[in-house]
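One structure below.
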Number of protein chains: 2
Amino acid sequence: MEMLRRFFEGFGPLSAPNMDFLLNQCTEGTLNKGDKLIQPSQKVDSIYFFESGFLHYYSYSNLGERVTLKVISPNSCWTIMDSFFHQKSTMDECQALTDVQYCELKRSGYVAIKSENQELANFIQTITEYILSAKVVEANKNSKLSVEERYLDLLQNNPAMVQEVPVSIIASYIGTSRETLHRIRRKLTAA
Amino acid sequence: MEMLRRFFEGFGPLSAPNMDFLLNQCTEGTLNKGDKLIQPSQKVDSIYFFESGFLHYYSYSNLGERVTLKVISPNSCWTIMDSFFHQKSTMDECQALTDVQYCELKRSGYVAIKSENQELANFIQTITEYILSAKVVEANKNSKLSVEERYLDLLQNNPAMVQEVPVSIIASYIGTSRETLHRIRRKLTAA
DNA sequence: TTAAGACTGTGTCATTTGACACAATAATGG
DNA sequence: CCATTATTGTGTCAAATGACACAGTCTTAA
């Protein structure tokens, strides 16, 4: 919960009572390695903040191949936006790759925060703008990088993830096969 | 401007005075084919809403190759979020591929709308959530589709774009070379 | 109207990639 | 502690892709 406070503080100042109101809407939880956080055909009713551990957010292509949409790292928030904002059911899945500690903000809490007062509404708007901006920056970065560059970027910016998550999932995450990622790794260790 | 009104109406109801306030913050403009809307090292100070025409939003890879980040279609809004929200300068570029009609909302107008009253603040929050959700849906869809599927998807959902935008730019947009896209098109016409 | 430039279609070829197969190693649960 | 399962490293080969080259077509501006 302290981590969550620092997470929110990162978006700018917020009065102490409002910060407390915000944190009071959140509840804590844990997952064991292998547990599913989201099952197919579920409606996602919470935003999650992950304090420790890694999760695998994935779906399936038309050919039935599993596709990694995101590997979720600690100290980040996540939900399936389309399901959360518009109460749609999702066909995607999300599974803990390690033991996980998280905080959860249910939609009812999210709505309460937005309508509590002006400062909180503005704060949520600011966070939404940050996240939107970050998503686009990330998508554009991926468009500009080759598979090898994406792997190097991961090594640089998230070595813990490379260490703790199976190679096959990292490979799918950066958009290639397990074997090609292995070729890249072999080449890098040779050099 | 009427198109812009309908665009906003699509996000939900808004009282007439507030809709007028919103539209009054916007100004109209045009571009000729080939004009640059955004130049490198510029700070993007507006959200744009395009009424007609197509634009090419692009950047460059580490190898100096031009990479299409988006082909912008009519009846959509666009800006470089990271630059607009956080007053950073961008190294990307945006150029009109055809003659273009647009409306422009400057940051000052955007700030004025958000702070005018509660209904408008909520309305902007709703739009931001919609756009964020749509960005993620689009990114995830692209992860799941092959190059050929992405092209078929474009043909289905935006045939005007396929018709009006050079093949080389479409190819870069779906993440492949001009030649490979041509192979796909040849195969499709043969079948 | 015409010349210059841009865009498209196409073939060849070297390179990269993915699929498959299997041995070696690591992790896990009884 | 051992057996089972999952994961990783690796080679071979077919298929897909990108780079290059060039001719034909379409646009555009003087």
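Per chain, numbering begins at 1; letters A, B, ... match sequence-line order.
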Practice prompt. Rounded off to whole Å, could you give me the CD-to-C1' distance for the A:Gln95 and D:dA6 pair?
Written response: 13 Å
Worksheet item: Taking OP1 and OP2 of C:dG18, is either one under 4.0 Å from a side-chain nitrogen or oxygen of A:Thr176?
Response: yes
Response to the item:
With the side chain defined as heavy atoms from C-beta on, B:Thr180 is closest, among D:dT8, D:dC20, D:dT17, to D:dT17
Fill in: Heavy-atom side-chain contact between B:Val165 and B:Thr98 under 4.5 Å
no
Item to complete: Could you check which of D:dT8, D:dC20, C:dT8 has an atom nearest any side-chain atom of B:Glu179?
Response: D:dC20
Discussion item. Without decimals, in angstroms, what is the distance between B:Leu97 CG and D:dT27 C1'?
Written reply: 15 Å
Worksheet item: From the list D:dA19, D:dG11, D:dA21, which nucleotide is the closest neighbour of the side chain of B:Arg178?
Response: D:dA21
Worksheet item: Would one find a side-chain N or O of B:Arg186 under 4.0 angstrom from OP1 or OP2 of C:dG11?
Response: yes
Item to complete: Find which nucleotide of DNA chain D each of B:Lys33 and B:Arg183 is nearest to by heavy atoms, and output the residue with the more 5' nucleotide.
Response: B:Arg183
Worksheet item: Atom CG of A:Leu181 to atom P of C:dT17: distance rounded to whole Å?
Response: 11 Å
Fill in: Per B:His182 side chain, nearest of listed nucleotides C:dC7, D:dG18, C:dG9
C:dG9
Worksheet item: Could you walk me through whether B:Lys144 and A:Ser59 pass the side-chain hydrogen bond (donor to acceptor under 3.5 Å, both in side chains) check?
Response: CA-CA 8 Å; B:Lys144 286 162 68 170; A:Ser59 188; 3.1 Å; yes
Worksheet item: Hey, which of A:Ile38, A:Leu69, A:Val67 is the one that makes side-chain contact (heavy atoms from CB on, under 4.5 Å) with A:Asp92?
Response: A:Leu69
Worksheet item: Salt bridge between A:Lys141 and A:Glu149, side-chain N to carboxylate O under 4.0 Å?
Response: no
